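Just so it is clear, the model here is predicted, and its values are computed rather than measured.
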Amino acid sequence: MPPRKGKGCSRREALAGAAGLAAGSLIGAAPGLAQELPVATRTIPSSGEPVPMVGLGSWITFNVGDDIVLRDECAEVMEAFFAAGGRLIDSSPMYGSAQPVIGYGLDKLGRPPQLLSADKVWISSVDSGPAQIEESRAHWGVERFDLLQVHNLVSWEGHLDTLEAMKADGRLRYVGITTSEGRRHREFVEVMRTRPLDFVQLTYNILDREVEETILPLAQERGIGVIVNRPFRQGDLVQEVEDYPLPDFAGEIGCATWAQFLLKFIISHPAVTCAIPATTKVEHVRENLAAAQGPLPDATMRARMVAHVEDL
Amino acid sequence: MSEWWTYGLSDFLLFSPRTYVRLIELYNLSIWPAQLAAVAAGVVILVLQLRAVRLAGLGLLGLCWLWIAWAWFGQRYATINWAASYAGLAFAAEGALLLAAAFLSRERSSEPWLVGTGIVLTLAGLFALPLLELLSGERGWKQVAIFGIMPDPTAIVTLGVLVPLGGRIARIALVVPLLWCMVAGATLLAMDGPGAWAAPLAGVVGIIAIVAHLWSTRRRGFIARPPT
C-alpha cells in the first residue's frame with residue numbers, strides 16, 4: 001500500500017468504514033440491544049474520516065503475556081469488536097504485552113481492513129522514540145500506524161516533532177497527545193493551543209467532567225478529535241452503579257444496561273469522537289458497541305443522567 | 001513522574017488478577033516437580049537454622065534467588081510487567097550476595113529471641129503463606145506461591161535466616177528482601193489478592209527484630225563501658 005500524505009480519506013478507508021458499518025448490522029445476539037441499527041460514527045475533524053463512536057482500549061485487559069488461552073480470548077474480543085462495526089483499537093508500549101497480543105489477534109483474524117490502529121510513544125528519550133515506534137509497529141504487524149500519540153505528555157515537544165515529520169512523510173496519518181485522570185491539564189491545553197494535533201486522548205465520564213470546562217470546548221474550537229479513555233474508571237463505575245436499577249428514562253435513549261448508559265453519556269458530548277472501553281469479554285464488547293446505536297441523549301437528557309448518577 | 005500524588009496503587013498494576021494467577025499456574029505446571037525440591041531445600045534451611053548452622057542455608061537461598069531471577073522474573077513475569085526485568089536484576093544481585101555471604105560470613109551466636117523470630121519467619125514463608133493462599137479460596141493448589149519458586153515466600157524465608165545472623169554482608173543482604181516484602185504487599189493489595197498484608201507484616205517483624213537487637217546491643221555496650 002503506498003504511503004498517503006496529508007488529510008482525507010482514501011477509498012480503502014471509506015470501503016473499510018462501510019464494511020464496518022455493514023458488519024455492525026450483523027452483530028451477534030446480545031439481549032436488549034438494537035441490533036438492526038448501524039453503529040454511529042463521528043468524523044475526525046482534521047480529515048472528515050468517519051470513526052465508530054466506540055473503540056477498543058487495551059490497558060490491562062490485553063496484557064496477557066504468552067498465555068495462549070488468554071491470547072485467544074483477546075482475539076475473540078477483537079473479532080466481536082470488528083463484527084459489531086468497531087474500528088479503532090488503542091494501545092501503548094506502556095501496556096506490557098498488549099501490543100503483541102493485538103498483533104496476534106490481527107493475524108488470527110486475517111488483518112481486518114477496517115482497523116484504525118492507534119498507539120503511543122512513551123519514552124523519555126526523544127532520540128529513542130523512532131526505535132520504540134518501530135518496535136510497536138512490528139508488534140502490531142501493521143504497515144504503519146493510523147494514529148500515534150505522545151503518551152501522558154512524556155517528552156512531548158521532541159516526540160511531537162518526530163510524529164509531525166512522520167505525518168508529513170506519509171508514514172503516519174494522525175498525531176495526538178494523551179493524558180489520563182485529569183493529570184497535567186494546564187500543559188495539555190497549552191499543547192492543544194500551540195501544536196497541530198489531530199487527536200487528544202483524555203479521561204472523561206459521567207462523574208469526571210472537568211474536561212467539559214476547557215479542553216472539550218478547545219478541541220471543538222481547534223478541530224481536534226477527542227478519544228476518551230477509562231470511560232468506566234477501570235470498571236469501578238459500572239460496579240458502583242449496577243446495584244441500582246436503570247432509571248426509567250434510560251429506555252428513551254436506547255440503554256439496556258448501565259454500561260450503555262455511561263457510554264452514551266460520554267459519546268453524546270459533541271466534542272467526543274469516540275470512547276475506548278477495554279474489556280476481556282465478548283458480551284461486553286458487543287454491549288459497548290451497541291451504545292453507539294440508537295438515539296443519543298441531548299443536553300437536557302445529559303443533565304438528567306448526571307443528576308441521577310450523582311444522586312445514587 | 002509529574003503529579004505523583006494523583007497516582008494510586010491500581011495505576012501501577014498493568015495486568016488483571018486473573019492474568020497474574022494464570023501466570024503463576026502456568027509457571028508452576030511448567031517446572032513441576034521442582035516445587036518438591038524447593039520445599040525440601042526450605043526444610044533443610046529450617047533444620048540448619050534450628051541447629052544454628054545458618055551459613056549453609058544462605059548458599060541454598062542464594063541459588064533460589066538466582067533461579068527466581070531467571071525463571072520467574074526473566075521468563076514469566078517480564079511478559080506482563082516491564083518492571084519485572086529490574087526486579088529480576090535485584091534478585092540476581094541478592095542471590096550473588098547470599099552466595100558470597102555463605103562463603104565470607106562466619107557463624108555467630110544470637111540471642112534466643114532473635115533466633116526464635118527468624119524461625120517463625122522461616123516457617124511463615126515456607127508453610128503459612130502457601131496455606132494462607134489456599135485457605136483464602138482464591139487460589140487453587142496450582143496457583144500457590146511456593147518457597148524457592150516464587151519471590152514472596154522466598155523473601156520471607158530469607159528474612160528468617162538473615163535476621164539472627166548479624167554481620168555486615170547479612171545486613172546488606174536484608175535490603176532486597178525487605179523491599180520486596182513491601183512490593184509484594186502493594187501488588188497483592190492493588191489486586192485485592194489474598195494475604196496482601198502477609199509479606200509486609202513479615203518485613204515489619206524483621207525490621208523491628210533488627211532494630212530491637214541493635215538497640216539492646218548498644219545498651220549492653222553502654223552498660224559494659226561506663227563513662228569515665
Side-chain angles (χ1 to χ4, degrees), chain A residues 57-74 77 91-101 104 122-124 132 135-136 139 151-156 179-188 203 208 210 229-230 232-236 239 278-281 284, chain B residues 1-32 68-88 139-140 142-143 145 149-151 183 186-193:
Chain A
S58 59
W59 166 240
I60 293 181
T61 54
F62 275 29
N63 181 19
V64 298
D66 299 327
D67 188 328
I68 198 67
V69 171
L70 299 186
R71 279 187 168 219
D72 283 339
E73 285 182 12
C74 292
V77 165
S91 193
S92 168
M94 186 211 174
Y95 299 172
S97 60
Q99 293 173 319
V101 170
Y104 173 85
W122 177 69
I123 193 162
S124 54
Q132 186 185 64
E135 192 178 353
S136 299
H139 284 317
H151 192 136
N152 283 349
L153 294 180
V154 173
S155 304
W156 61 268
T179 183
S180 60
E181 297 179 352
R183 297 186 185 103
R184 299 176 73 175
H185 274 186
R186 189 176 297 176
E187 198 174 358
F188 203 76
T203 300
D208 301 308
E210 184 195 333
N229 59 35
R230 307 194 185 191
F232 303 136
R233 285 185 174 174
Q234 290 186 243
D236 291 347
Q239 280 185 353
T279 179
T280 55
K281 292 187 167 62
H284 286 175
Chain B
M1 186 168 62
S2 63
E3 301 185 8
W4 55 268
W5 60 91
T6 64
Y7 289 83
L9 269 181
S10 61
D11 291 309
F12 297 97
L13 195 67
L14 302 173
F15 42 81
S16 69
R18 183 179 175 227
T19 298
Y20 181 70
V21 170
R22 273 189 60 84
L23 193 73
I24 297 172
E25 181 177 342
L26 293 174
Y27 170 58
N28 272 334
L29 289 173
S30 71
I31 60 172
W32 174 259
I68 292 167
W70 178 76
W72 170 249
F73 286 107
Q75 301 297 306
R76 297 282 173 171
Y77 201 24
T79 63
I80 62 167
N81 187 351
W82 45 263
S85 48
Y86 300 108
R139 299 257 180 109
K142 295 176 188 169
Q143 300 157 343
I149 302 296
M150 288 291 289
V183 172
T187 304
L188 286 174
L189 192 64
M191 288 193 288
D192 205 15

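- Atom OG1 of T280(A) is separated from atom CZ of R18(B) by 7.0 Å, given to the nearest 0.5 angstrom.
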(message) Checking D67(A) against L23(B) for the side chain to side chain contact (heavy atoms under 4.5 Å, CB included) test, could you report, in this order, the C-alpha distance in whole Å, the side-chain angles of both residues, the deciding distance, and whether it holds?
(response) CA-CA 7 Å; D67(A) 188 328; L23(B) 193 73; over 6 Å; no
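- The side-chain heavy atoms of L14(B) and W59(A), taken from C-beta on, include a pair separated by under 4.5 Å.
- Rounding to the nearest 0.5 Å places OG1 of T79(B) at 7.5 Å from CG of N63(A).
- Contacts between E187(A) and chain B at a heavy-atom distance below 4.5 Å are absent for every atom of the residue.
- Interface residue L26(B): only side-chain heavy atoms are found under 4.5 Å from chain A.
- Options P100(A), G65(A), P93(A) differ in how many heavy-atom pairs under 4.5 Å they form with chain B, and the most are formed by G65(A).
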